[in-house]
Number of protein chains: 4
Amino acid sequence: MKKNRPKYKQIIDAAVVVIAENGYHASQVSKIAKKAGVADGTIYLYFKNKEDILISVFEEKMGQFIEQIVYSTNKKDNASEKLLTLIEEHFHQLAEDLHLAIVTQLELRQSNTDLRLTINKVLKPYLDVIDEIIEEGKVENIFRENLNTPLVRQMIFGTLDETVTNWVMKDQKYNLEKLATEVHALITSGISKK
Amino acid sequence: MKKNRPKYKQIIDAAVVVIAENGYHASQVSKIAKKAGVADGTIYLYFKNKEDILISVFEEKMGQFIEQIVYSTNKKDNASEKLLTLIEEHFHQLAEDLHLAIVTQLELRQSNTDLRLTINKVLKPYLDVIDEIIEEGKVENIFRENLNTPLVRQMIFGTLDETVTNWVMKDQKYNLEKLATEVHALITSGISKK
Amino acid sequence: MKKNRPKYKQIIDAAVVVIAENGYHASQVSKIAKKAGVADGTIYLYFKNKEDILISVFEEKMGQFIEQIVYSTNKKDNASEKLLTLIEEHFHQLAEDLHLAIVTQLELRQSNTDLRLTINKVLKPYLDVIDEIIEEGKVENIFRENLNTPLVRQMIFGTLDETVTNWVMKDQKYNLEKLATEVHALITSGISKK
Amino acid sequence: MKKNRPKYKQIIDAAVVVIAENGYHASQVSKIAKKAGVADGTIYLYFKNKEDILISVFEEKMGQFIEQIVYSTNKKDNASEKLLTLIEEHFHQLAEDLHLAIVTQLELRQSNTDLRLTINKVLKPYLDVIDEIIEEGKVENIFRENLNTPLVRQMIFGTLDETVTNWVMKDQKYNLEKLATEVHALITSGISKK
DNA sequence: CATGAATGAGAATTCATTCAT
DNA sequence: GATGAATGAATTCTCATTCAT
């Protein structure tokens with residue numbers, strides 16, 4: 001299995017750093033190879049083509065990202081706490097790994113081609129987790145039962161995504177993780193008085 | 001003034017259509033010129049370079065977009081109604097002009113370079129309008145006075161943006177404009193019961 | 001006659017300045033037109049094409065240059081004095097008009113095309129003057145009668161040309177005109193002792 | 001070291017031929033690549049850009065040219081013989097390689113930009129050799145001790161350069177090498193009788 | 001006579017991918 | 001498995017010249 005050989009991981013990690021430091025369009029295969037300490041041709045023993053590297057970056061890193069969120073939310077026992085935990089973990093993981101945050105929030109979005117489809121596919125389990133929390137909240141009578149789940153999920157994901165992107169673009173001048181409770185309050189209670 | 005000569009508008013409009021139909025990376029200058037009915041070289045009498053076309057597309061179209069929203073919200077007399085109007089107009093204008101929606105939600109985001117900075121600059125007045133509505137809501141005692149305005153603005157913008165992007169990517173299978181009141185309710189009241 | 005109309009001279013003079021200041025390759029027709037204070041299209045009422053401007057610059061300016069040398073040398077009555085006068089006038093005229101010196105010594109040589117042939121054609125009368133002085137010197141028994149006239153002319157012209165070019169390229173840090181007698185001595189007496 | 005790999009020399013040699021045959025401005029990179037038997041992209045593994053090819057052509061070919069002259073003059077033991085040898089070698093080498101003569105005398109002079117600076121830099125050692133011969137002649141009491149060395153060098157170089165250029169432009173109708181002694185005589189003894 | 005907006009041909013360079021060693 | 005030299009397709013922009021006004 002190629003994914004278990006050491007150079008596979010080396011190349012993935014090199015790609016994240018190279019893209020974060022140089023930007024999507026200036027990240028040539030040869031640069032990634034150099035950073036990974038392998039020859040250009042070696043890349044093609046592990047990946048079908050350049051796009052396959054990027055897809056794999058997203059799959060590997062997002063896979064872990066989602067796994068961690070699922071693991072953490074599962075330990076909570078009501079929808080509201082699960083939602084808070086999801087927000088906290090979302091912010092925490094991206095705040096911890098700035099390279100990853102830059103790559104996912106800014107750089108990888110510059111791709112067209114299949115990568116954008118793959119991003120959606122990879123993100124699907126995450127969106128499903130959000131959906132499940134919403135549904136659970138309805139059952140637990142914590143959230144309104146007439147909520148339009150996909151729409152609520154778009155609100156939640158859109159809010160988190162926009163918040164992280166702003167933080168990255170503002171050069172991480174403030175503490176992202178501390179915003180979690182405030183974001184959670186906004187989502188659950190809205191902005192209206194009372 | 002170049003911007004008032006007819007070919008300027010012709011080229012801008014041709015660019016929107018070409019980008020929407022071919023995607024950002026497959027939109028050669030020669031394609032835009034052909035669609036606009038001018039010679040390749042004519043493009044360069046009106047625009048400094050290719051990127052300048054894209055920046056101008058965004059400035060012109062977003063300028064109108066924002067103007068329309070400001071105009072409409074100003075006619076309402078409380079923050080909540082203004083917010084609803086802003087959401088309605090946001091959805092309405094993009095639903096009305098699918099080419100524009102594709103370009104702003106998907107294609108233009110693939111650029112790096114100056115365009116991304118310009119996008120932020122152009123968007124600024126829109127974000128300011130949102131901020132003003134939030135502040136007004138606090139004064140009118142409709143919104144909680146301790147709201148973190150930038151964060152709320154990120155929630156609002158992130159939610160609208162994600163909602164429109166989903167609608168575009170789902171091939172506009174549903175009515176975007178009808179979601180406005182629901183989105184407004186989510187933002188004002190949140191998802192919690194009571 | 002076009003050559004007598006004021007704009008003809010305006011354009012020629014503008015061309016010399018534009019080429020001297022911007023270099024041959026950066027001297028667009030539009031720049032020359034602007035400096036001359038006429039519209040781009042007006043250039044084509046006076047000149048067949050861009051090359052015709054350059055040819056005319058050389059013809060007009062070199063015509064005067066040669067005329068002045070012929071006039072001055074004719075006033076002398078032996079070949080040696082004529083040669084000295086020729087050198088003095090050659091240096092004097094180019095030292096007086098730096099723009100012209102830059103254009104003739106550096107910029108116009110970057111052309112290929114017909115201009116290079118024309119340069120030779122325009123220069124012909126000058127080379128003929130040199131030939132005549134050499135022949136006269138033989139008759140006057142001042143110069144050796146077995147001199148290879150074309151070769152001597154090449155030595156004279158090559159020496160003057162190289163000297164002026166060096167002076168232009170060295171930013172005219174020294175007095176070109178003062179070199180005339182020394183150059184004359186070298187040509188007439190050579191470098192050998194005795 | 002790139003300069004020692006065979007394709008480096010192939011490309012340099014192809015460039016000389018292509019420029020000589022097509023002229024400076026009609027020498028596209030793709031033409032040079034084709035003549036060299038390599039892909040267009042391969043050029044850029046060996047040269048930074050098109051101008052770098054031209055600079056390298058001049059450096060390589062002129063380097064050899066000068067080396068040969070230094071080698072030959074060093075075998076002579078007085079300044080006058082060294083000067084004669086320099087003239088003979090100068091004419092000999094360019095007469096032997098017509099492509100090179102066309103390129104150095106006509107085509108490369110059409111460039112502006114860095115190439116012209118490089119030409120001067122590369123030529124410097126040659127001009128230094130001439131200066132040394134002049135100085136040596138003074139010491140040996142063969143040349144006048146009050147000679148202005150830079151000026152004499154300009155006479156010598158200007159004469160040789162003009163002579164070769166004339167020969168190239170006159171389609172090499174006569175034997176350039178046979179002119180060496182005559183040119184040497186003119187430089188050493190001048191044109192005056194006695 | 002004069003204008004200046006419009007034209008459109010033409011070339012350098014990058015970089016993902018291959019394959020002989 | 002690993003290497004890295006070689007490949008070659010694909011696109012922006014400039015500027016001399018024209019011609020309708």
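Chain A is the first sequence line, chain B the second, and so forth, proteins listed ahead of strands; every chain is numbered from 1. Here the structure is a predicted model, which means the values were calculated and not measured. Values below: every heavy atom of this structure, side chains too, minus hydrogens, waters and symmetry copies.
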Which one, [options], comes nearest to the side chain of [X]?
{"X": "B:Tyr44", "options": "E:dA11, E:dT3, F:dC13", "answer": "F:dC13"}
{"X": "C:Thr42", "options": "E:dA12, E:dA2, F:dT7", "answer": "E:dA2"}
{"X": "C:Leu45", "options": "E:dT3, F:dG4, E:dT13", "answer": "E:dT3"}
{"X": "B:Lys50", "options": "E:dA5, F:dA16, F:dT12", "answer": "F:dT12"}
{"X": "A:Gln28", "options": "F:dT17, E:dA16, E:dT3", "answer": "E:dA16"}

Between [N] ([atom2]) and [X] ([atom1]): distance, integer Å:
{"X": "B:Asn49", "N": "F:dT14", "atom1": "CG", "atom2": "C1'", "value": "13 Å"}
{"X": "D:Lys34", "N": "F:dG8", "atom1": "NZ", "atom2": "C1'", "value": "14 Å"}
{"X": "D:Phe47", "N": "E:dA12", "atom1": "CZ", "atom2": "P", "value": "15 Å"}
{"X": "B:Tyr24", "N": "F:dT11", "atom1": "OH", "atom2": "C1'", "value": "14 Å"}
{"X": "C:His25", "N": "F:dC15", "atom1": "NE2", "atom2": "P", "value": "11 Å"}
{"X": "B:Ile32", "N": "F:dC13", "atom1": "CD1", "atom2": "P", "value": "11 Å"}
{"X": "C:Tyr8", "N": "E:dA2", "atom1": "OH", "atom2": "P", "value": "15 Å"}
{"X": "C:Asp40", "N": "F:dT18", "atom1": "CG", "atom2": "P", "value": "13 Å"}

- Query: Would you call the rings of C:His25 and D:His25 parallel, tilted or perpendicular if under 30° counts as parallel and over 60° as perpendicular?
  - Reply: tilted
- Note on the structure: Scanning all shown strands, the Watson-Crick or wobble mate of E:dT21 with both distances under 3.5 Å is F:dA2
- Sidechain-backbone polar pair: D:Lys50 side chain, D:Ser27 backbone, donor-acceptor under 3.5 Å: yes
- Message: Taking B:Arg109's backbone N and O only, do any of them form a donor-acceptor pair with A:Arg109's side chain (distance below 3.5 Å, no angle check)?
- Response: no
For [N], take OP1 and OP2 only and decide whether either is under 4.0 Å from a side-chain N or O of [X].
{"X": "B:Tyr46", "N": "E:dA5", "answer": "no"}
{"X": "B:Arg5", "N": "E:dG4", "answer": "no"}
{"X": "A:Lys7", "N": "F:dA2", "answer": "yes"}

If you look only at distance, which donor and acceptor atoms sit under 3.5 Å apart when one is on a side chain in residues 29-41 of chain B and the other is two or more places apart or in another chain?
from	atom 1	to	atom 2	distance (Å)
B:Lys31	NZ	B:Ala26	O	2.9
B:Lys31	NZ	B:Gln28	OE1	3.2

- Note on the structure: Sorted by position of nearest nucleotide on DNA chain F, 5' first, the leading residue of D:Ile43 and C:Ser27 is D:Ile43
- Query: Hey, which of these two, D:Val29 or A:Ala26, hits DNA chain E nearer its 5' end, going by closest nucleotide?
  - Reply: D:Val29
- Note on the structure: Assert: residue with more 5' nearest nucleotide on DNA chain E, out of D:Lys48 and C:Ala39, is C:Ala39
- Item | Donor-acceptor pair between A:Glu107 and A:Asn22 side chains, under 3.5 angstrom | no
